[in-house]
Amino acid sequence: MSATANSNLPRRIIKETQRLLSEPAPGISASPSEENLRYFNVMILGPTQSPYEGGVFKLELFLPEEYPMAAPKVRFLTKIYHPNIDKLGRICLDILKDKWSPALQIRTVLLSIQATGRRNSEGMDSIVRNWSLNYQDNRCEELKGTVEMHYGPPASAAYRRD
Amino acid sequence: MGNGPSNRRNGRIQHNPVAPPPPPRIPPPPGYPGNVGPPHYPPPFAPNGHHMPYLYPPSYNGPMSAPMGPQFYMPPTNGQYTMNLPPPSFRVQHQAPPAHIPPPVAEAQRANTIRNDVNLKKPTLRLEEDEENPGFHLVSFTFDATVAGSISIFFLASEGEECSLTPLKPHLYRAIRVPFEKGFGQKFRQASGTGVNLTLFDERELSREGPGEVFPLLVRAETVPKDPPADAPLQDELPPGAPLPKYIHAQTTHSIIEKKDDGYKVKVLKQTIWVDGIRYDLQEIYGIENSGGGGGFDGADAGKECVICMSEPRDTTVLPCRHMCMCSECAKVLRFQTNRCPICRTPVERLLEIKVPKNDLLNIDEYGMKPSAPPADGASASQSSSSTSQTSRMDGGTLDTKVLKGES
């Protein structure tokens, strides 16, 4: 299956992959799997001055057949404590859903995901809305405190390497 | 395939010569995938909206012992995590939006193009101090002209019928007219001594558009096409700002003047052209400077290519938002997927395709997005210049201008 899938790879995906590899965005690495060039292994560093600073987050990114007309499918593999990310690692981000635009790219999507580490709980959907109501008014510090209470000292606090 | 997803991921990352060293191996979370069991989802929230008595995320060593492990992960169907098939969670969460938009009828129409004989390059318009006459300022700019003509300059003037320009304070500055020859990239600067003393004007009047189409600075470039009527008076005999006859073509640049610490700064509000007795507003097309029309096109140079396929040069503009961001092929595909502009998500009304053959005339096609869209009315000459039915014509004018610039 993979041979046929990879042989019909659109030029856009090839170009995006090349650019991701040759000029990676700061704190982000994405490399395609060899069997399926539509599947990417992604590593994102937690943004500085956020509760996620110092963390290395693993994600998977899949480009569906309709890409770029449809959004890539992205999921956290590293467990993360974040109002917009559910327990399966699914991300609530508008550009991955109804606000997708074919002008967006893998790079911009990953940058947006990285930036959610800085955000308060805006734009969350029903997956986490109820859960995060308690945290909505929290400042980063408080979130950090909560995280630390549950997971111990910073650096490994807001995510888990298990 | 049985050794779990993280194994395979780590194996793959090394394929990439530029990739960072493989991360420390992250073992798969308990029960995922491999750990086959019945899907067990504790409902995250009780029906009454209160939290169920479990913590998220589950804590291993935390003070509260929460249910943890397998039940928080959806076991894959068969313990495998196939690559081509997104995991079940993906399918649940991110369903591709169905292509519910009915296939629009592609009615390509040849858009009306208007040749604009002269174009003042907006960013180059400046007020420079006259060294020989301190306190006076001279207008300067760069422009393209395909035929000869003349430039007129007005300060604080109102625009009336048939593009007539009337200075409100003729005693402070007398409008001047300066002839020019044809040519691209010409530099214009008022002759020393013909400048304006802006301190005589009210600063507030200079800094804004006044009521009744009054503009602080108006620069008009007039051209006479090849065959003016035999009985027509010479252009030079008409006073600057006189109503324009039909056979004269003109471009007018409307600006305001802002006083800064280091002099006066000109800010262009709009440009209009006057062609065959009709006034058009010129509207810029965003992205046309980077489109395939000008300069070399190669893959390394991002920004010139279609944002969708990233391969072909851009040639299609979304209307009404005027984002030139696609190639025509991708635009055709896009019409079946969405009706939003890829750049700004404004609903698409029309697509404007501009084909620029190597050394030939422009070829502009328009595609209506809606089957009910009325055809562009090519014969709307009698309509007012602000009518939306002339959008294509206005843009045609801009295009013409911009492409001419590109050829220089």
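Residue numbers begin at 1 in each chain, while the letters A, B, ... track the order of the sequences. All of these numbers come straight from a predicted model, not from anything done at the bench.
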Residues which pass side-chain contact (heavy atoms from CB on, under 4.5 Å) with A:I14, listed by chain and number, not counting sequence neighbours
A:L9, A:Q18
Smallest separation among heavy atoms of A:M69 and B:V333, with atom names
CE-CG1, 3.7 Å
Under 3.5 Å: donor-acceptor pair, side chain of B:R345, backbone of A:W100:
no
Heavy-atom closest pair (B:L334 atom, A:P102 atom, distance to 0.1 Å) is CD1-CG, 3.8 Å
For B:E329, the side-chain contact (heavy atoms from CB on, under 4.5 Å) test, sequence neighbours excluded, returns B:C327, B:K332
Under 4.5 Å from a heavy atom of chain B, the part of A:P64 involved:
neither
Report yes or no: does A:R11 contribute a side-chain atom to a donor-acceptor pair with the main-chain N or O of B:M310 at less than 3.5 Å?
no
Sort A:L104 into side chain, backbone, both or neither according to what part of it lies under 4.5 angstrom from a heavy atom of chain B.
side chain
Between CD of B:Q337 and CD of A:E66, what distance do you get to the nearest 0.5 Å?
7.5 Å
Which atoms of A:E65 come close to chain B, meaning under 4.5 Å heavy atom to heavy atom: side chain ones, backbone ones, both, or neither?
neither
Side chain, backbone, both or neither: which part of B:C309 has an atom under 4.5 Å from a heavy atom of chain A?
backbone
Residue pair A:K15 / B:S311: nearest heavy atoms and the distance that separates them
NZ-CA, 4.1 Å
I'd like to know if the side chain of B:R340 reaches the main chain of A:S101, judged simply by a donor and an acceptor atom lying under 3.5 Å from each other, with no hydrogens or angles considered.
no
